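First up is the structure itself, then whatever we jot down about it.
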Amino acid sequence: MNDAAAWSGLEEARRWVREATRIAVLTGAGVSAESGVPTFRDAQTGLWANFRPEELATPEAFRAHPQRVWDWYAERRARLADVQPNAGHVALAEFQARHPDRLTLITQNVDGLHQKAGSTGVLALHGNLFEDRWLDPCLNSALHGGRLGCDPTSAVAGSPPRCADCGNLLRPGVVWFGEMLPMDALDAAERAAVSCELMLVVGTSGAVYPAAGLAHRARRAGARVVVLNPEPTELDDVAHLCLRGTSARWLPALLGD
Ligand code: OAD
């Protein structure tokens, strides 16, 4: 797309943003790319170059190799600890602050950068890399002094940490391949998709459902759909308008008043 065509597309999308009283935004790994975070389908690097995410981000992989999977997430957490949100994250947070209740942010990302930028009410469909939860529901209250469930404060340090009373393992609070998404977040995202007048689909290949299905739901419910991505995506045919650009450069222009 040449610059003139891109610019005219942006002006029309800006008009749609101004006209919409309810906007839903679906983001993917691309919005964090300009913060230096590799997208999900970038090549794995370093120690993990020999593993595909599908061989690490599953319950089976964790049960078979708990330390390997725990260490992979520990390295991702360490790498992300000093990463800052970029202008795209900030533009979304600032729009929400200027226009409370007009924008619902739905993300597939687990890096916490939208939250770090100040976005609120973020619907994190795939969980959060910086949260842990117990691998199994522990119903053996006899082991826990009569209390149901393991007590995170009783976790014994390790890779991964485990419950001192029953040996249950802590695992990263992200959604793994083959796992259900958090129903409360998904329900809220579906409600936002079918009730918005404009959906912005930013920085996602649109390859993974049910997240990608939200764009279809919005279109069928009558919303205008805009895809923002430097590359073609699997959701381009759902869009009324595709903006070929990067989120850190185009979201500030798109959402600025
Ligand atoms: P992908 O890696 O599949 O896609 C990243 C998208 O970002 C691609 O379409 C890129 O073209 C685009 N992109 C790259 N740089 C960009 C930039 N600067 N600005 C805007 N877009 C840019 O990542 P996701 O679509 O997020 O699920 O992947 C979705 C899900 O697939 C992930 O959440 C993960 C994976 O399975 C789970 O972990 C459950």
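Bear in mind that the values here come from a model prediction, so they are computed numbers and not experimental data. Whatever order the structure lists them in is the order used to number ligands and atoms, beginning at 1.
Shown in contact with G28 at under 4.0 Å from a heavy atom are these atoms of ligand 1, numbered in order with element: 26 (O). Close contacts of ligand 1 with T39, meaning ligand atoms under 4.0 Å from a residue heavy atom, involve 2 (O), 5 (C). Set against the non-hydrogen atoms of S247, the atoms of ligand 1 under 4.0 Å away are 19 (N), 20 (C). Using a 4.0 Å cut-off to heavy atoms of E231, the atoms of ligand 1 that qualify are 11 (O). Short contacts between ligand 1 and E34, defined as distances under 4.0 Å to a heavy atom of the residue, involve ligand atoms 17 (C), 18 (N), 19 (N). The ligand atoms of ligand 1 that sit less than 4.0 angstrom from a heavy atom of G203 are 5 (C), 6 (C), 7 (O), 20 (C), 21 (N). The contact set between ligand 1 and V175, taken as ligand atoms under 4.0 Å from a residue heavy atom, comprises 39 (C). Proximity to A29 (heavy-atom distance under 4.0 Å) selects the following atoms of ligand 1: 23 (O), 24 (P), 26 (O).
Remark: the backbone N or O of G206 is paired with a side-chain donor or acceptor of T204 at under 3.5 angstrom.
We find that E19 and R224 are joined by a salt bridge, their nearest charged nitrogen and carboxylate oxygen being less than 4.0 Å apart. By the 4.0 Å N-to-carboxylate-O rule, R76 lies too far from D71 to be salt-bridged with it. Under a 4.0 Å N-O distance rule, the pair R63/E60 does not qualify as a salt bridge. For the pair D132 and R171, the salt-bridge criterion is not met [side-chain N within less than 4.0 Å of a carboxylate O].
Within the 4.0 Å heavy-atom criterion, both parts of Q108, backbone and side chain, lie near ligand 1. Only the side chain of A33 comes within contact range of ligand 1, with a heavy atom under 4.0 Å; no backbone atom does. Contacts between F177 and ligand 1, counted as non-hydrogen atom pairs separated by less than 4.0 Å, involve the side chain only. Contacts between T204 and ligand 1 below 4.0 angstrom, taking non-hydrogen atoms only, involve backbone and side chain alike.
Checked by distance only, ligand 1 and H126 come closer than 3.5 Å through their nitrogen or oxygen atoms.
For T233 and S205, the side-chain atoms include no donor-acceptor pair closer than 3.5 Å.
In this structure, F62 and W176 have tilted ring planes: the angle between them lies in the 30° to 60° band.
The shortest distance between side-chain heavy atoms of W16 and H240 falls below 4.5 Å. E190 has its side chain within reach of R217: a pair of non-hydrogen atoms, C-beta onward, lies under 4.5 Å apart.
The closest approach between A57 and ligand 1 stays at or above 4.0 Å for every heavy atom of the residue.
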